[in-house]
Amino acid sequence: MALKRAPPRTPGGPKPRIMYIDLDLHFSDAVSQAFASSRVPQILVISHLYYHSKTLSIHHASPGFYPASPLSALPSPTSPTFSPYTLSLPLHPGASTSTYTRLLPLLTALKTTFSPTYIVLQCGVDALAGDPCAIANWSLEGLNDFVRSVLGWGLPTMILGGGGYNTPNAARAWASLTALALGEPLSLDAQIPDHPLFPLYGPSFTVSGFWMLVDVKA
């Protein structure tokens, strides 16, 4: 892990800060709960280095939707349990590429305020159109643009996988994101190479796939 190879901190210097951004359809309950605090920034210990940490989960939340957690709701700064280091942004059903595009200025403002040293970006792809969860309406092109914007901050970034239950579309998305992280982006019209599971990638047999966008504006 790149974070384990971070350079030693100068004695007396500022502590590195990690901003964790979770794009999974489901709330980041375990990570957010680990760093929830109403008083002071929590400390994350990685390889004997201490880090200030901020978590931001962008997800769907509704009664009965997994996981149930009070932290998944939109936080109120007036609440006695409010922590500026554990933030949630629940979205309505049908959240689309335009929804996430409108969130980018907010995300950038949070980054500027927190001034992180490292970014951890969890790229769950169950918010993509065509996922069996059938709640969000994000396109692969929109996801790529979002991740490209975060990488454009020029900070050391670790990209993680996450949820995604349409297997061919998840494979498409993570292949596309991996290529993007390597600085060698794939064309969305690139052909899927022949392999034993090739028939699953029809009818397009391309990286862009057949996303079945839901006709919902959000």
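The analysis underlying the following values was restricted to heavy atoms, covering all of them including side chains, and did not include hydrogens, waters or symmetry mates. Just so it is clear, the structure is predicted and the values come from calculations on it, not from any experiment.
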Just wondering, do [Y] and [X] contact through their side chains at under 4.5 Å, heavy atoms?
X	Y	value
Met158	Tyr118	no
Ile159	Leu151	yes
Tyr100	Leu107	no
Asp131	Asn169	no
Leu121	Val147	yes
Met19	Leu110	yes
Asn144	Leu177	yes
Trp153	Thr108	yes

Can you tell me how far [atom2] of [Y] sits from [atom1] of [X], rounded to the nearest 0.5 angstrom?
X	Y	atom1	atom2	result
Cys133	Asp126	SG	CG	5.0 Å
Phe146	Ile21	CZ	CD1	6.5 Å
Ile135	Leu25	CD1	CG	5.0 Å
Thr99	Leu89	OG1	CG	10.5 Å
Glu141	Arg148	CD	CZ	8.5 Å

Pairs under 3.5 angstrom only: tabulate donor-acceptor contacts from the side chains of residues 180-203 to other protein residues two or more places apart or in another chain.
residue	atom	partner	partner atom	Å
Ser187	OG	Asp189	N	3.1
His195	ND1	Pro193	O	2.9

Smallest separation among heavy atoms of [X] and [Y], with atom names:
X	Y	result
Ile18	Phe114	O-CE2, 3.4 Å
Gly162	Gln122	CA-NE2, 3.7 Å
Asp24	Gly124	OD2-CA, 3.5 Å
Ala127	Ala136	O-CB, 3.1 Å
Leu128	Leu140	CD2-N, 4.0 Å
Pro116	Lys111	CD-O, 3.2 Å

Is it the case that the side chain of [X] and the backbone of [Y] share a donor-acceptor pair, with hydrogens and angles ignored and the cut-off at 3.5 Å?
X	Y	answer
Ser176	Ala173	no
Asn166	Gly130	yes
Trp174	Cys123	yes
Thr97	Ser139	yes

- Message: Applying side chain to side chain contact (heavy atoms under 4.5 Å, CB included) to Thr101 and Asp145, what does each step give before you reach the verdict?
- Response: CA-CA 8 Å; Thr101 299; Asp145 287 343; over 6 Å; no
- Task: For Tyr165, check ring-ring contact (aromatic ring centres under 6.0 Å, His included) against everything at least two apart and list the hits.
- Result: none
